[in-house]
Amino acid sequence: MGASVRGDRGAEGGAGPEPVRVPGAAEPARWPGNGGPRAEDVLERAFSLRKAHSIKDMENTLQLVRNIIPPLSSTKHKGQDGRIGVVGGCQEYTGAPYFAAISALKVGADLSHVFCASAAAPVIKAYSPELIVHPVLDSPNAVHEVEKWLPRLHALVVGPGLGRDDALLRNVQGILEVSKARDIPVVIDADGLWLVAQQPALIHGYRKAVLTPNHVEFSRLYDAVLRGPMDSDDSHGSVLRLSQALGNVTVVQKGERDILSNGQQVLVCSQEGSSRRCGGQGDLLSGSLGVLVHWALLAGPQKTNGSSPLLVAAFGACSLTRQCNHQAFQKHGRSTTTSDMIAEVGAAFSKLFET
Ligand SMILES: NC(=O)C1=CN([C@@H]2O[C@H](COP(=O)(O)OP(=O)(O)OC[C@H]3O[C@@H](n4cnc5c(N)ncnc54)[C@H](O)[C@@H]3O)[C@@H](O)[C@H]2O)[C@@H](O)CC1
Ligand SMILES: Nc1ncnc2c1ncn2[C@@H]1O[C@H](COP(=O)(O)OP(=O)(O)OP(=O)(O)O)[C@@H](O)[C@H]1O
Ligand SMILES: [Mg+2]
């Protein structure tokens, strides 16, 4: 396996990994003009202190993920280990919200809701009796219909299969606003990222947001927020800068290696996957992350050894998705689909986190 943390003491060890940090900063790094350290300085220090990838780095980070996983216990009631909402699903796309919502359940959430357009609801319900499906997203009362569930939800995953219909996107904008007002953690993926690229202010500075762009979504966001093309030779710097420019929201750039940053730390996940790139793998990642974000925030930074709980959660979701891909590919080769990966969630989770 090849997951790694870029850091200054990771190879020597210690209780946990040493992710890249702003020197001496208690406050998050700020972008030039805000009076904080310059991104270039953060990067320079990060790279000058960088050690070779090591198995110990990977192990240390996976251990932090293990620390946030709530124990199974006969004294708990239904709902305690996570009630997750997925906002997405329209006439064209019904698979994506299904993949995200079922992945949340398979990772260990107790209840998984989908808030989708009315045309998508019967289809998603027919895929699975385990999901609670609300056909509300194209209703004139969509924001209210979702808001009334928010007190019962621990996290939202916004965007899988949402599409780009203006009326739906306006409703999702309202849903994001009320979710922020209630301090609900949000994972934003797929067409949710399209919306954020149009209106970065929607999530700017919201510390409970995690964005999970693929290559194209990342470039679009970077262009929109930093008003210029990213430097494709400096992916670490690009992810760090985008996070900082968005007010330190956590950004996960998916790809051959996943690069994660909250504007202060940069983590790299290169857990072995496979070369099979069927659609829907990102939905598995965002749904899993919904649960892990909830667990990580509940556990708090003492369980993550001072590292950002959201970064640890994101590292967990990336590792898990890639491990599912690896295991499914071993069995199915080129015919591997995301459903085959979802069937591996339990075994992959045990292998990575319950050793
Ligand atoms: N079964 C389903 O219902 C699925 C629906 N999906 C939904 O489809 C909608 C559009 O998502 P897209 O991801 O296609 O986004 P975009 O519509 O922004 O398209 C991105 C395009 O870039 C290409 N691309 C992806 N990674 C690339 C890379 N590394 N280098 C170069 N090109 C790359 C893709 O093939 C795609 O055509 C979203 O709502 C998404 O959730 C996807 O999640 C896949 C599964
Ligand atoms: N070249 C690659 N090699 C290995 N793993 C990859 C590669 N590209 C992406 N992945 C992994 O696949 C998963 C999904 O990433 P991807 O870029 O396909 O997302 P996506 O385009 O949003 O997917 P979706 O089809 O669900 O929308 C992530 O876990 C990522 O680490
Ligand atoms: Mg996607």
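Read the numbers this way: they start at 1 and go in the same order the structure lists the ligands and their atoms. The figures here come from the full heavy-atom set of this structure, side chains too, leaving out hydrogens, waters and symmetry mates.
Crowding of Gln173 atom CD: a count of heavy atoms from other residues, nucleotides or ligands under 6.0 Å exceeding 12. Surrounding CD of Glu354 are more than 12 heavy atoms belonging to other residues, nucleotides or ligands, all under 6.0 Å away. Summarising the local packing, NZ of Lys125 is surrounded by more than 12 heavy atoms from other residues, nucleotides or ligands at distances under 6.0 Å. At most 12 non-hydrogen atoms from other residues, nucleotides or ligands lie less than 6.0 angstrom from CZ of Arg334.
Taken from CD1 in Ile259 to CZ in Phe218, the straight-line distance is 8.0 Å, to the nearest 0.5 Å. Rounded to the nearest 0.5 angstrom, Thr321 OG1 and Leu284 CG are separated by 5.0 Å. The CG atom of Asp138 sits 8.5 Å away from the SG atom of Cys116 when rounded to the nearest 0.5 Å.
When only non-hydrogen protein atoms are considered, atom 30 (C) of ligand 2 lies nearest to Asp258 OD1, 3.4 Å. If you check which protein heavy atom lies closest to atom 44 (C) of ligand 1, you get Gly280 N, 3.6 Å. Counting protein heavy atoms only, atom 11 (C) of ligand 2 is closest to Arg277 NH2, 3.7 Å. In terms of protein heavy atoms, atom 3 (O) of ligand 1 is closest to Ala96 N, 3.0 Å. The nearest protein atom to atom 13 (O) of ligand 1, hydrogens excluded, is given as Asn214 ND2, 3.3 Å; this is a heavy-atom distance. From the protein, the heavy atom lying nearest to atom 26 (O) of ligand 2 is Gly282 N, 2.8 Å. Protein heavy atom in closest approach to atom 2 (C) of ligand 2: Glu256 CA, 3.3 Å. Atom 28 (C) of ligand 2 has Leu285 CD1, 3.8 Å as its closest protein atom, hydrogens excluded (heavy atom only). Annotation: atom 41 (O) of ligand 1 to nearest protein heavy atom, Gly161 N, 2.8 Å.
Atoms of ligand 1 found under 4.0 Å from any heavy atom of Asp191 (numbered from 1 in listed order, with element): 9 (C), 38 (C), 39 (O). Of all atoms in ligand 1, listed by their number and element, those nearer than 4.0 Å to a heavy atom of Arg164 are 16 (P), 17 (O), 18 (O). Residue Pro160 approaches ligand 1 through these ligand atoms, each under 4.0 Å from one of its heavy atoms: 41 (O). Near Leu162, meaning under 4.0 Å from one of its heavy atoms, ligand 1 places the atoms 39 (O). Of all atoms in ligand 2, numbered sequentially from 1 with element shown, those under 4.0 Å from a heavy atom of Gly279 are 25 (O). For ligand 1, the atoms sitting less than 4.0 Å from at least one non-hydrogen atom of Ala190 are 38 (C), 40 (C), 41 (O), numbered in the order shown with element in parentheses.
The distance criterion of under 3.5 Å between nitrogen or oxygen atoms is not met by Phe99 with respect to ligand 1. Distances between N or O atoms of Thr321 and those of ligand 2 include no value under 3.5 Å. The shortest N or O to N or O distance between Cys278 and ligand 2 is not under 3.5 Å. Annotation: Lys254 places an N or O atom under 3.5 Å from an N or O atom of ligand 2; distance criterion only. At least one N or O atom of Asn214, backbone or side chain, sits closer than 3.5 Å to an N or O atom of ligand 2. For Gly95, a nitrogen or oxygen atom sits less than 3.5 Å from a nitrogen or oxygen atom of ligand 1, counting backbone and side chain alike.
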Could you go step by step and tell me if Arg164 and Asp191 meet the salt bridge (Lys or Arg N to Asp or Glu O under 4.0 Å) rule? CA-CA 7 Å; Arg164 295 180 191 164; Asp191 301 310; 3.0 Å; yes

Using the rule given for salt bridge (Lys or Arg N to Asp or Glu O under 4.0 Å), can you reason through Lys208 versus Asp183, listing the C-alpha separation, both sets of side-chain angles and the distance that settles it, and then say yes or no? CA-CA 7 Å; Lys208 290 192 177 175; Asp183 217 25; 3.0 Å; yes

Start with the C-alpha gap between Gln244 and Arg241, add the side-chain angles, then the distance that decides, and say whether side chain to side chain donor-acceptor pair (under 3.5 Å) holds. CA-CA 5 Å; Gln244 290 180 345; Arg241 277 188 281 276; over 6 Å; no

Please report the C-alpha distance between Lys351 and His326 in whole Å, then the side-chain angles of each, then the deciding distance to 0.1 Å, and finally whether the side chain to side chain contact (heavy atoms under 4.5 Å, CB included) criterion is met. CA-CA 12 Å; Lys351 182 162 175 54; His326 181 69; over 6 Å; no

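Between atom 29 (N) of ligand 1 and the options Glu92, Arg220, His215, Gln281, the minimum heavy-atom separation is to His215. In the candidate list Leu193, Asp283, Val216, Asp283 is nearest to atom 43 (O) of ligand 1, counting heavy atoms.
Per-atom contact check: atom 8 (N) of ligand 2 touches the protein, criterion being a heavy-atom distance below 4.0 Å. For atom 11 (O) of ligand 1, no protein heavy-atom neighbour is present inside the 4.0 Å cut-off. In this structure, atom 37 (O) of ligand 1 has its sub-4.0 angstrom surroundings free of protein heavy atoms. There is a protein heavy atom closer than 4.0 angstrom to atom 16 (P) of ligand 1. Distance remark: protein heavy atom not present below 4.0 angstrom from atom 34 (C) of ligand 1.
At least one heavy atom of Gly280 sits under 4.0 Å from some atom of ligand 2. Ligand 2 is approached by Gly255 to a heavy-atom distance shorter than 4.0 Å.
In His215, neither the side chain nor the backbone holds a heavy atom less than 4.0 Å from any atom of ligand 2. Residue-level proximity to ligand 2 for Asp283 is carried by backbone and side chain together, each with a heavy atom below 4.0 angstrom.
Under a 3.5 Å cut-off, the side chain of Arg257 and the backbone N or O of Val268 do not form any donor-acceptor pair. Checking side-chain atoms of Asn141 against main-chain N and O of His144 turns up no donor-acceptor pair under 3.5 Å.
Residues Gln271 and Leu352 have side chains in contact (heavy-atom distance under 4.5 Å, counting atoms from C-beta outward).
Comment: Asp81 engages Lys76 in a salt bridge, judged by a side-chain N to carboxylate O separation of less than 4.0 angstrom. The pair Asp189-Lys254 meets the salt-bridge criterion, since a charged nitrogen lies less than 4.0 angstrom from a carboxylate oxygen.
Aromatic ring centres of His134 and Trp149 lie closer together than 6.0 Å.
Counted by atom type alone, Gln327 and Gln323 present one or more donor-acceptor pairs between their side chains at under 3.5 Å.
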